[in-house]
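Everything quoted here is computed from the prediction, not taken from an experiment. The analysis underlying the following values was restricted to heavy atoms, covering all of them including side chains, and did not include hydrogens, waters or symmetry mates.
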Amino acid sequence: AEETYGEDPYLTSQIGGQFVVGMQGEDDTYLKTVATPKHYLANNSENNRHTGSSNLTEAELREYYTPAFAALVGQYGAGSLMTSYNEVNGTPVSASKELVEDLARRTFGFNGTVVSDCDAVRDVWQTSNHSWTPPGFAAPLTAPQAVAWTLKTGVDLDCMDQDYPTYLEQSYAAGDVTEADMDASLVRTFTIRMRTGEFDPAEQ
């Protein structure tokens, strides 16, 4: 509900949906441009969004914070989705399989590419920010571990193009991420790029 015209989930869904249609067009294959609803999810604080947690009940999550995203990536078919900086109930959104894979993809029907907000992947591991320790881990994730975790969560692109290029090779060497994990993200990302006509042959 942040950075929108209002806080009504239905109104936000309807207005946002028309933006998606207007930006992407109505062709079944090609997109005029790729709409990216943001910031998924509960990005309600400018003061501590790199360190804090938005703690929600299940009712608040389902009835207030997600209906607009569900409509934009499901009903309206937005091609991309941007994760927010903050944690939700103690887990950074970019590291939350529950929110990215289970909710956005499997429940809402999102089949596009997920991009982090700029520095959101770095926030997961950086000591001055979330410095997140997953359940069962004895210490916060290192940078290569965080890159592996977010990629496997379903974050296909690192907005700043810094942590994935810097640490992904180390993640792979450590066995924390596989070629199959990378392929899944590459297929989603290149499919969206193909739908913009980027790789089409030049017209004769």
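- Within 6.0 Å of atom CD in E169, 12 or fewer heavy atoms from other residues, nucleotides or ligands are found, so the atom counts as exposed in its surroundings.
- Looking at residues two or more places apart in sequence or on another chain, you find no side chain to side chain contact (heavy atoms under 4.5 Å, CB included) involving A139.
- You'll find the side chain of T133 stays beyond 4.5 Å of the side chain of L141, heavy atoms only.
- D119 and Q162 are linked by a side-chain donor-acceptor pair at a separation below 3.5 angstrom, with hydrogens and angles left out of the test.
- In this structure T66 satisfies the side-chain hydrogen bond (donor to acceptor under 3.5 Å, both in side chains) test with no other residue, sequence neighbours excluded.
- Applying the side chain to side chain donor-acceptor pair (under 3.5 Å) definition to pairs two or more places apart or across chains, those involving residues 23-35 are Y30-D200.
- Here the side chains of V187 and T191 are in contact, with some heavy-atom distance below 4.5 Å.
- Around atom OH of Y76, more than 12 heavy atoms belonging to other residues, nucleotides or ligands sit under 6.0 Å away.
- Side-chain contact check for S80 and T113: no donor-acceptor pair (N or O, by modelled atom type) lies under 3.5 Å.
- For the residue pair S94/T83, the side-chain donor-acceptor check at 3.5 Å is satisfied.
- Looking only at side-chain heavy atoms (C-beta outward), H39 and Y85 stay at 4.5 Å or farther from each other.
- The shortest distance between side-chain heavy atoms of V115 and L81 does not fall below 4.5 Å.
- When each of D117, L99, D123, N43 is checked for a side-chain contact (heavy atoms from CB on, under 4.5 Å) with S84, only N43 meets the rule.
- Partners of S53 under the side chain to side chain contact (heavy atoms under 4.5 Å, CB included) rule, at least two apart in sequence or in another chain, are N55, E87.
- Pairs passing the ring pair (Phe, Tyr, Trp, His ring centres under 6.0 Å) check and including a residue from residues 119-147, sequence neighbours excluded, read W125-Y167, W132-W149, F137-W149.
- Annotation: side chain of L61 is in contact with side chain of E58 (closest heavy-atom distance under 4.5 Å).
- A side-chain N or O of D181 and one of T178 form a donor-acceptor pair less than 3.5 Å apart.
- No side-chain heavy atom of T12 sits less than 4.5 Å from a side-chain heavy atom of E7.
- With a 4.5 Å cut-off on side-chain heavy atoms, R105 and V73 do not count as touching.
- Qualifying side-chain hydrogen bond (donor to acceptor under 3.5 Å, both in side chains) partners for E101, counting only residues two or more places apart in sequence or in other chains: R106.
- The shortest side-chain heavy-atom distance between P140 and T127 does not fall under the 4.5 Å cut-off.
- Residue Y10 places its OH atom among 12 or fewer non-hydrogen atoms of other residues, nucleotides or ligands, all under 6.0 Å distant.
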